[in-house]
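Quick one: structure below, then a few questions.
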Amino acid sequence: MLFKELVNSRYSVRKYSDKEVKREDVYKCIESAGVSPSACNSQPWYYVIIDNSEVRDQVAATTYNSIIKFNKFVSEAPIIVALVNTKGTLPSKIAEHTKGRHYDIFDCGISAGFFTLQAAELGLGTCMIGWFDEKKLKEVISVPDKYSIELLITVGYPDEGEKNSKKRKELDKISALNNFRGD
């Protein structure tokens, strides 16, 4: 598959089939995520694969409550992957302090993008989840307080009724030559 086809085929899946996801396919996604670029080659990511149904249900429960219900679909995903930010290396921390930017968060986002593109190539669907109760989630999957969980990624085969409903801005609305022309 050509890269343009791959990026256009990937979308946020919110309805999964019952088809079992091979653990080795999830490791392929992590392997691809692991070669993504990072500031000072710090590689501040750690992926926790949640495929045990009991633990998966507990993790899913951290993404919604009686008021916030839009992530209810997470409980139907065959696999949930937690992306833990391990905060990078000393050189990357010095760069962050000097420039006032959190490169570790950027790096984790890039890594997650590589993960989801590899998943799409394997025919798997994904959805990045940023809304969760981090304190409860850390307890469930035993993440030490010194680290943060940046994202959850649901993984599975899209349900046949699921549609790719990507709506994107036109190129002239997201880019310009030589000068910013936004707003």
Side-chain angles (χ1 to χ4, degrees), residues 1-38 44-51 53 55-65 67-85 104-134 137 141 148-176 182:
M1 179 182 307
L2 295 176
F3 186 73
K4 180 113 173 137
E5 292 172 307
L6 178 64
V7 296
N8 285 324
S9 70
R10 200 227 63 84
Y11 65 101
S12 295
V13 173
R14 291 180 176 85
K15 189 166 174 59
Y16 293 97
S17 76
D18 294 343
K19 185 177 177 183
E20 185 179 334
V21 175
K22 290 185 245 169
R23 192 175 283 166
E24 59 265 22
D25 285 345
V26 179
Y27 281 117
K28 285 178 188 175
C29 295
I30 294 170
E31 203 171 24
S32 292
V35 298
S36 66
S38 61
W45 46 74
Y46 189 93
Y47 287 85
V48 179
I49 304 165
I50 300 109
D51 63 357
S53 61
V55 179
R56 194 180 62 234
D57 289 346
Q58 291 176 46
V59 168
T62 70
T63 68
Y64 58 85
N65 58 38
I67 299 167
I68 306 300
K69 298 179 184 194
F70 54 80
N71 283 337
K72 203 84 160 125
F73 75 93
V74 173
S75 61
E76 298 169 11
I79 292 181
I80 303 170
V81 176
L83 173 48
V84 179
N85 182 341
D104 55 336
I105 296 171
F106 301 152
D107 296 340
C108 285
I110 295 166
S111 181
F114 276 47
F115 181 104
T116 61
L117 288 173
Q118 179 62 70
E121 185 183 63
L122 295 169
L124 293 166
T126 57
C127 187
M128 292 189 203
I129 310 296
W131 186 283
F132 49 85
D133 182 330
E134 186 176 16
L137 181 55
I141 60 173
S148 60
I149 301 171
E150 299 299 341
L151 290 169
L152 292 175
I153 305 172
T154 58
V155 182
Y157 290 96
D159 184 88
E160 288 185 26
E162 176 81 358
K163 295 285 185 203
N164 179 350
S165 58
K166 255 189 205 186
K167 293 180 181 132
R168 295 294 185 247
K169 295 177 182 178
E170 295 294 322
L171 190 59
D172 66 340
K173 301 289 183 199
I174 62 169
S175 68

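Counting from 1, the numbers follow the sequence of the chain as shown.
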Task: Cys29 side, atom SG; Leu124 side, atom CG - distance, nearest 0.5 Å - done: 6.0 Å

TODO: List the steps and the verdict of side-chain contact (heavy atoms from CB on, under 4.5 Å) for Tyr47 and Val84.
DONE: CA-CA 6 Å; Tyr47 287 85; Val84 179; over 6 Å; no

- [ ] Count the heavy atoms of every other residue, nucleotide or ligand shown that sit under 6.0 Å from CD of Glu170, and state whether that count exceeds 12.
- [x] no

Task: Exceeds 12 heavy-atom contacts within 6.0 angstrom, atom OH of Tyr46 - done: no

Task: Residues Ile141, Ile149; criterion side-chain contact (heavy atoms from CB on, under 4.5 Å); working and verdict - done: CA-CA 11 Å; Ile141 60 173; Ile149 301 171; 4.1 Å; yes

Task: Heavy-atom pair with the smallest gap, counting every atom of Gly125 and Tyr16 - done: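 So the two residues come closest at O-CE2, 3.7 Å.
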
- [ ] May I ask you to decide if Ala33's main-chain N or O and Ser111's side chain share a donor-acceptor pair within less than 3.5 Å?
- [x]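 Yes: the side chain of Ser111 pairs with the backbone of Ala33.
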
- [ ] Taking all non-hydrogen atoms of both residues into account, name the closest pair between Tyr11 and Pro158 and its distance.
- [x] OH-CB, 3.6 Å

Open item on the list: On a heavy-atom basis, which atom in Leu122 and which in Asp25 lie closest, and how many Å separate them?
Closed with: CD1-O, 3.6 Å

Open item on the list: Is the shortest side-chain heavy-atom distance between Leu152 and Leu137 below 4.5 Å?
Closed with: yes

- [ ] Starting at CG of Asn8, measure out to CZ of Arg10 and round the result to the nearest 0.5 Å.
- [x]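 The CZ atom of Arg10 is 11.0 Å from CG of Asn8, to the nearest 0.5 Å.
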
Open item on the list: Before you tell me yes or no, could you show the steps for Thr154 and Val13 under side-chain contact (heavy atoms from CB on, under 4.5 Å), namely the whole-Å CA-CA distance, both residues' side-chain angles and the distance that decides it to 0.1 Å?
Closed with: CA-CA 8 Å; Thr154 58; Val13 173; 6.0 Å; no

Task: Separation between CD1 of Ile80 and CG of Leu151, rounded to the nearest 0.5 Å - done: 13.0 Å

Open item on the list: To the nearest 0.5 Å, what is the distance between CD on Gln58 and OG on Ser75?
Closed with: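 That separation rounds to 13.5 Å.
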
Task: Lys28 versus Gln118, closest heavy-atom pair with distance - done: O-CG, 3.7 Å

TODO: Please indicate whether Asp18 has more than 12 foreign heavy atoms, meaning atoms of other residues, nucleotides or ligands, lying under 6.0 Å from its CG.
DONE: no

Open item on the list: Can you give me the closest heavy-atom contact between Phe114 and Pro37, atom names plus distance?
Closed with: CZ-CD, 3.8 Å

Task: Straight-line distance of Ile110 CD1 to Ser38 OG, nearest 0.5 Å - done: 8.0 Å

Task: Heavy atoms from other residues, nucleotides or ligands near CZ of Phe70 exceed 12 (cutoff 6.0 Å) - done: yes

- [ ] Would you name the heavy atoms of Glu134 and Ser148 that are closest together and state the gap between them?
- [x]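 Between these two residues, the closest heavy atoms are OE2-CA, 3.2 Å.
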
Task: Atom pair OG1/CZ of Thr63 and Phe73 - distance to nearest 0.5 Å - done: 7.5 Å

- [ ] Assess whether side-chain contact (heavy atoms from CB on, under 4.5 Å) is satisfied between Phe132 and Val59, documenting all intermediate values.
- [x] CA-CA 9 Å; Phe132 49 85; Val59 168; over 6 Å; no

- [ ] Identify the residue among Ile49, Thr116, Thr126 that makes a side-chain contact (heavy atoms from CB on, under 4.5 Å) with Val155.
- [x]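 It is Thr126, the one option of Ile49, Thr116, Thr126 that forms the side-chain contact (heavy atoms from CB on, under 4.5 Å) with Val155.
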
